[in-house]
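This report refers to the structure that appears directly beneath it.
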Amino acid sequence: MFKRLAEAGASVAITVDGKQVAARAGDTVAAALIAAGIAHCRTTPVSGAPRAPYCLMGVCFECLVTIDGVGSRQGCLVPVRDGMAVETQTGKREAGR
Amino acid sequence: MTKASDLASSYELVVIGGGPAGLAAAALAARAGLSTVLFDENPGVGGQIYRAITSSPVKDRAVLGEDYWTGAELAVEAKASGALIVTGATVWSLDPTRLVGISIAGQARLIQADRVIVATGSLERPFPIPGWTLPGVMSAGGAQTALKAQGLVPSGRTVLAGGGPLLWLLAAQILRAGGKLDAILDTTPRVNWLRALAHLPDFVLSPYFSKGLKLLREVRAKVRVIRTDRVEAVGDDRLREVVFGTGDGERRMPADLLLLHQGVVPNVNLAIAAGVTHAWNERQLCFEPVLDGDFTSSVPGIAIAGDGAGIAGGTAAAERGRIAAIAAVRALKPAASAPDVQIIRQKLRREEMGRAFLDWLNRPADSFRQPTGDTIVCRCEEVTARQVRDTADMGCEGPNQMKAFLRCGMGPCQGRLCGLTVTELIAAQRGTTPVEVGYYRLRPPVKPITLAELASLPIAEAERKAVER
């Protein structure tokens, strides 16, 4: 869906659901997911429908992901860091966790 | 990096939001000698219009345009002013006594302010069309943020839909960055010209006139623009095609990315939670705070500057921030020197001149604001237009009662993406006005915080004793 302009910054190694993803300095978690072509970052608690980042400015809460063990963080507000572990969220299944 | 524990327990001025209004306000106030702190929840200052102004990887200045780069000056001024600027800082509470709840890297604090300038700006108006929750559908503002902050350009089959200045600006920026757009679906009703025309002379004199014309020409030369009154995003697990109405039927266009935009509206959550009185703006079709000439709200000591005060654009936002800051300086340090407010008011008037024309011309059609059938209104709780309309028919009079029936507005976004739609749907269904229907009652925390963050609040001995037995 998106490609990076050549000017993008130094690489930062994060994992998404345990897989290595090459992010860049200056990425937020949500931007890194989009750049990596990850189609959706969570499923909804109501119907289990897939959702992906929508507004990238902290208002829509669609980019909720688990970051370093803390659930439902707004991925668009958190800068990536080397070694960061990101997990996508499955709404319905995690409701009872 | 400033930590929560580094903050003082009180400041003369707390500015919330680091866009043009917040940066200009903090710079002016700090220079006049007020102890000033500015909080912004994003990784850097600039707000949305000057997003990533100090860190953007897009080095070719022509891509984002010179108007974007003017924001750099605001950031430099604010930094040099002596104001403490804290990014990655989420304000989750503001009360009428001007106690500000803030969280930085998992640590919370309550900060007392003599004056507060809320500069939380705007957000994009909800665009509830069928399929707008599908992965592959994003707001145009989101795509612009990805371009400014990360240098991400849409690739694959991309369609823009909607109307308003930002849509055309984004189209131009994507094209300049080497991106390709398959089509722009212009949803602005032609009939808008009737109301807009009377305001054309003012618009011609405003700075937006020549910029706007140039932008339209630049985009239209390269992209197919199709007028439509109906847009649908279709797909299973993600967007597959965009379906839109044409004069004699409908067309289907395969697409990987659909970017939606139909203008911006004030981001009211923090101000409403602080108890600030809001009123309905019929021209801009949104709620906005009731303010005096210095942008002071109904709550003493709390001012609202920038697009949060009513939509007027980035350059106007900076002037509004300065006016609000001068009022704070006058109130707290009457002897301090501050710039001449009359000159700033004149500049602001010039910036606001073209607004009536732009508002009337780009006013979104009813059908794009008041959806029907299975179209999702509340994205968080997956509440449909039919459910909201049926519940209004049953006798539900307002959005707060609607929560009890449907949970709309009660998910994590706290009504930011459905509030206006729910108000307008109830009004339409009950044959009344948005003023009568009102808006969601909003309370702190306006952003979710963890229990650990709450527990991290410093506790005084007396407070601990008060609850011990």
Side-chain angles (χ1 to χ4, degrees), chain A residues 1-10 23-64 67-74 76-81 88-89 91-92, chain B residues 41-44 48 51-52 55-60 63 88 90 106 121 123-124 132-139 141-147 149-156 158 177-179 237-238 256-257 260 267 269 379-383 407 411-414 416-417 447-448 450 452:
Chain A
M1 273 187 339
F2 286 86
K3 63 170 193 275
R4 284 185 198 272
L5 287 176
E7 294 108 287
R24 300 277 185 160
D27 279 1
T28 59
V29 170
L33 294 175
I34 290 172
I38 291 166
H40 67 268
C41 62
R42 69 178 180 104
T43 57
T44 61
V46 180
S47 72
R51 291 287 171 87
Y54 181 76
C55 80
L56 291 186
M57 58 172 275
V59 298
C60 77
F61 290 72
E62 295 293 8
C63 63
L64 296 179
I67 299 175
D68 291 335
V70 180
S72 294
R73 306 258 343 249
Q74 286 183 275
C76 71
L77 295 179
V78 181
V80 293
R81 216 177 7 77
T88 58
Q89 298 190 169
K92 281 193 106 164
Chain B
E41 68 177 341
N42 292 289
Q48 304 314 322
R51 159 72 71 161
S55 63
S56 178
V58 185
K59 298 300 176 210
D60 177 356
V63 169
T90 300
L123 46 80
E124 288 175 277
W132 72 310
T133 53
L134 283 171
V137 183
M138 275 178 80
S139 77
Q144 199 191 36
T145 293
L147 175 59
Q150 286 90 28
L152 290 170
V153 187
S155 61
T158 304
D237 54 338
R238 67 168 177 86
D256 303 303
L257 183 63
L260 299 175
N267 185 353
N269 281 53
R379 298 172 61 104
C380 298
E381 295 292 332
E382 294 173 80
V383 179
R407 283 197 54 83
C413 97
Q414 300 178 320
R416 287 170 175 88
L417 269 81
K447 278 305 204 55
T450 63

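Below, chain A is the first sequence line, B the second, and so on; all start at residue 1.
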Worksheet item: Taking atom CG of A:Leu56 and atom CG of B:Leu147, what is their separation to the nearest 0.5 Å?
Response: 11.5 Å
Discussion item. For the CG atom of B:Asp60 and the CG atom of A:Leu5, what is their distance to the nearest 0.5 Å?
Written reply: 9.0 Å
Worksheet item: How close do A:Ala49 and B:Glu382 get, heavy atom to heavy atom, and via which atoms?
Response: CB-OE1, 4.2 Å
Response to the item:
So NZ of B:Lys447 and CD of A:Gln74: to nearest 0.5 Å the spacing works out to 4.0 Å
Worksheet, complete the sentence: Rounding to 0.5 Å, atoms CD (B:Glu381) and OG1 (A:Thr44) come to a distance of 9.5 Å
Worksheet item: Out of curiosity, B:Cys380 SG to A:Arg51 CZ, how far, rounded to the nearest 0.5 Å?
Response: 7.5 Å
Fill in: Heavy-atom side-chain contact between A:Cys55 and B:Leu123 under 4.5 Å
no
Practice prompt. Heavy-atom distances under 4.5 Å only: say whether B:Ala146 touches chain A with side chain, backbone, both or neither.
Written response: both
Worksheet item: Just wondering, do A:Phe61 and B:Leu417 contact through their side chains at under 4.5 Å, heavy atoms?
Response: no
Worksheet item: Under a 4.5 Å heavy-atom cutoff, which of A:Ala35, A:Ala32, A:Ser47, A:Ala30 has the most pairs with chain B?
Response: A:Ser47
Worksheet item: Relative to chain A, which segment of B:Arg51 carries a heavy atom at a distance below 4.5 Å: side chain, backbone, both, or neither?
Response: side chain
Practice prompt. Measure distances from B:Asn269 to the heavy atoms of chain A and classify the residue's part below 4.5 Å as side chain, backbone, both or neither.
Written response: neither
Worksheet item: Can you check whether B:Pro43 reaches A:Thr28 side chain to side chain, under 4.5 Å on heavy atoms?
Response: yes
Item to complete: For chain A, find which of B:Thr145, B:Leu257, B:Val153, B:Asp256 contributes the most heavy-atom pairs closer than 4.5 angstrom.
Response: B:Val153
Fill in: Under 4.5 Å from any heavy atom of chain A - which part of B:Ser55
neither
Practice prompt. Among the options B:Arg407, B:Glu41, B:Arg238, pick out the one with the most heavy-atom pairs lying under 4.5 Å from chain A.
Written response: B:Glu41
Discussion item. Report which part of A:Ser72 has an atom under 4.5 Å of a heavy atom belonging to chain B: side chain, backbone, both, or neither.
Written reply: neither
Discussion item. Is there a side chain to side chain contact (heavy atoms under 4.5 Å, CB included) between A:Tyr54 and B:Arg379? Walk through the geometry before answering.
Written reply: CA-CA 11 Å; A:Tyr54 181 76; B:Arg379 298 172 61 104; 3.6 Å; yes
Practice prompt. Return the option, out of A:Pro79, A:Cys60, A:Cys41, with the maximum number of heavy-atom pairs under 4.5 Å with chain B.
Written response: A:Cys60
Response to the item:
With chain A, the option among B:Val137, B:Leu134, B:Thr450, B:Thr133 that has the most non-hydrogen atom pairs under 4.5 Å is B:Thr133
Worksheet item: Rounded to the nearest 0.5 Å, how far does CZ of A:Arg4 lie from CG of B:Leu152?
Response: 5.5 Å
Worksheet item: B:Pro154 and A:Phe2: which non-hydrogen atoms are nearest, and at how many Å?
Response: N-CD2, 3.6 Å
Practice prompt. Go through the steps to decide whether B:Met138 and A:Ile34 satisfy the test side chain to side chain contact (heavy atoms under 4.5 Å, CB included), and finish with yes or no.
Written response: CA-CA 11 Å; B:Met138 275 178 80; A:Ile34 290 172; 4.1 Å; yes
